[in-house]
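Reminder, nothing fancy here: chain letters follow the sequence lines and each chain counts from 1. Please read all numbers here as calculations on a predicted model, not as lab measurements.
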There are 2 protein chains.
Amino acid sequence: MSKILVVDDELDISELVALHLARDGHECVCLTNGLEVFPYVTSHQPDLIVLDLMLPGQDGLTVFKRLRADSRSRTTPVIILTARAQMSDRISGLELGADDYLTKPFSPRELALRISAVLRRTQRVQAVSEVKTGRFLLDRKNMKLFLDDTPVDLTTTEFKLLATLMENDKAVHTRSELLREVWGYSDEVATRTLDTHVKRLREKLGDAGRHIVTVRGTGYQFCVTLPDS
Amino acid sequence: MSKILVVDDELDISELVALHLARDGHECVCLTNGLEVFPYVTSHQPDLIVLDLMLPGQDGLTVFKRLRADSRSRTTPVIILTARAQMSDRISGLELGADDYLTKPFSPRELALRISAVLRRTQRVQAVSEVKTGRFLLDRKNMKLFLDDTPVDLTTTEFKLLATLMENDKAVHTRSELLREVWGYSDEVATRTLDTHVKRLREKLGDAGRHIVTVRGTGYQFCVTLPDS
DNA sequence: CGCGGCTGTGACGATATTGTCACGAGGTGG
DNA sequence: CCACCTCGTGACAATATCGTCACAGCCGCG
């Protein structure tokens with residue numbers, strides 16, 4: 001469900017945590033060295049990071065500060081793990097804007113619950129702006145489409161058309177409905193504009209263009225799953 | 001700065017907390033009875049609620065569940081106060097989506113820090129003073145840009161524009177959004193001001209100017225990494 | 001007071017996007 | 001099987017958007 005990065009030099013803790021997270025359906029990656037964190041985060045974009053402060057290579061607090069200073073990871077949720085003796089570190093972490101922290105020793109169930117709570121907050125925001133269905137991810141806020149995680153450049157009209165079609169899987173949109181919602185036409189017009197745009201959209205989508213299904217005499221629908229043929 | 005509602009039947013705790021919060025510039029209101037919370041929240045819309053579980057009238061957990069069930073308060077940040085003996089309640093609170101919790105006895109400073117951390121997440125009150133990403137280092141405090149560790153002289157408007165674009169990697173900023181945030185325009189204006197400044201900024205950045213990407217029909221985005229081409 | 005730096009503006013050209021047209025392909029009903 | 005209707009497509013023109021440039025105004029400083 002979500003990509004969780006766990007950074008802890010104690011392998012028994014990481015493995016126990018990973019087991020719990022996998023049970024919740026998350027994809028979990030474990031790192032043990034502070035120097036590995038930043039390169040991993042900027043290239044893999046995890047949904048959440050569990051970060052121990054006591055790390056070899058580069059200590060957790062330095063790693064955290066760097067994550068918060070970089071525009072690619074400054075909003076990535078981070079839960080900091082602290083030892084009881086490190087009360088001052090935990091307060092420093094809070095001051096830097098960690099999303100949560102947990103004091104060792106902790107129960108894996110509690111960590112899993114905190115992770116769920118943080119993800120719920122951050123994914124609630126995402127749910128409003130993103131539509132993810134099948135091979136498609138539609139980012140409304142940024143007017144971007146990703147197909148198989150690859151960005152596809154769409155014009156604003158193409159994006160609006162696709163977004164309208166994807167709003168409800170398999171919903172059939174009439175031509176007049178699409179012309180009204182995407183183009184603002186208010187009355188019946190005989191125009192090939194819609195056809196041309198559907199064509200251009202299908203071209204840009206390549207083989208995934210067939211997810212836009214023509215309903216003859218009515219309009220078009222978007223189908224995530226297609227019958228094999 | 002923010003309206004904080006503190007709900008605790010122990011007045012000495014509430015008053016100590018209120019004193020600390022006032023020191024941080026917050027406006028603090030204290031309630032002692034669980035039945036008073038919901039009516040107050042729906043009419044006053046506090047920015048954050050500190051909620052003790054042990055309450056007369058209506059216990060804190062029931063109050064919290066009601067807050068989360070109502071659309072007016074579903075997203076209001078809540079920090080739950082628990083006694084050490086109530087470990088099961090604290091986990092129940094997390095499962096319901098509390099933003100944080102604190103176990104009694106606690107230091108008022110720690111609560112104040114947690115409140116700041118939660119408000120920071122929900123309100124984006126503070127911006128990181130330094131943004132370092134890729135070849136760029138943006139020093140907000142001194143209004144300085146360093147490109148490949150070399151200082152680049154920017155005017156105040158150029159700096160504000162770049163800082164806004166760099167806030168979140170790949171976030172697309174519309175023209176009207178940029179005109180509002182950098183120039184303070186409040187309505188739609190047809191102006192080439194933004195284009196001219198983007199041009200001047202790109203000139204000063206040299207080859208790194210291509211990190212400012214035009215999104216036709218929408219505006220601009222800042223991309224730390226660019227596709228090779 | 002003059003000069004230089006900064007900023008905003010409008011005109012114009014370049015580029016991208018969009019709409020239209022004509023024609024053919026494909027589907028459907030009689 | 002044929003006529004008719006609907007849709008797809010390629011080419012082209014129109015329109016919208018962005019980039020650029022030159023200039024003017026403002027402000028601060030020497």
Nearest to side-chain heavy atoms of [X], which nucleotide of [options]:
| X | options | answer |
| --- | --- | --- |
| B:Thr193 | C:dT9, C:dG26, D:dT20 | C:dT9 |
| B:Arg216 | D:dC5, D:dA16, C:dG10 | D:dA16 |
| B:Thr214 | C:dT7, D:dG19, D:dC5 | D:dG19 |
| A:Arg192 | D:dG19, C:dC21, D:dC21 | C:dC21 |

Query - Close side-chain approach of B:Thr191 and B:Trp183, heavy atoms under 4.5 Å - result: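 B:Thr191 does not reach B:Trp183 side chain to side chain.
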Query raised in the report: Would you say B:Thr218 and A:Asn142 make side-chain contact, with heavy atoms under 4.5 Å?
Result: no
Under 4.0 Å from OP1 or OP2 of [N]: is there any side-chain N or O of [X] that close?
| X | N | answer |
| --- | --- | --- |
| A:Tyr220 | D:dT6 | no |
| B:Thr157 | C:dT7 | yes |
| A:Trp183 | C:dG19 | yes |
| A:Thr196 | D:dT9 | no |

Query raised in the report: Hey, mind stepping through B:His211 and B:Phe136 against ring-ring contact (aromatic ring centres under 6.0 Å, His included) and telling me if it holds?
Result: CA-CA 10 Å; B:His211 291 276; B:Phe136 295 74; 5.5 Å; yes
Query - Whether A:Thr62 side chain and A:Gln58 backbone form a donor-acceptor pair below 3.5 Å - result: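 Between the backbone of A:Gln58 and the side chain of A:Thr62 there is no qualifying donor-acceptor contact (under 3.5 Å).
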Report task. Would you please say whether a donor-acceptor pair under 3.5 Å links the side chains of B:Thr214 and B:Arg202? Result -> yes
Requested in this report: Examine the side chains of B:Thr133 and A:Asp70 and answer whether a donor and an acceptor come within less than 3.5 Å of each other.
Outcome: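 Yes, A:Asp70 and B:Thr133 have a side-chain donor paired with an acceptor closer than 3.5 Å.
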Requested in this report: Under 4.0 Å from any atom of DNA chain D, heavy atoms only: list the residues of residues 171-180 of chain A that qualify, in numerical order.
Outcome: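 Hits under 4.0 Å, by residue number: A:Arg175.
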Query - Contact residues, residues 198-208 of chain A to DNA chain D [heavy atom, < 4.0 Å] - result: A:Lys199, A:Arg200, A:Arg202
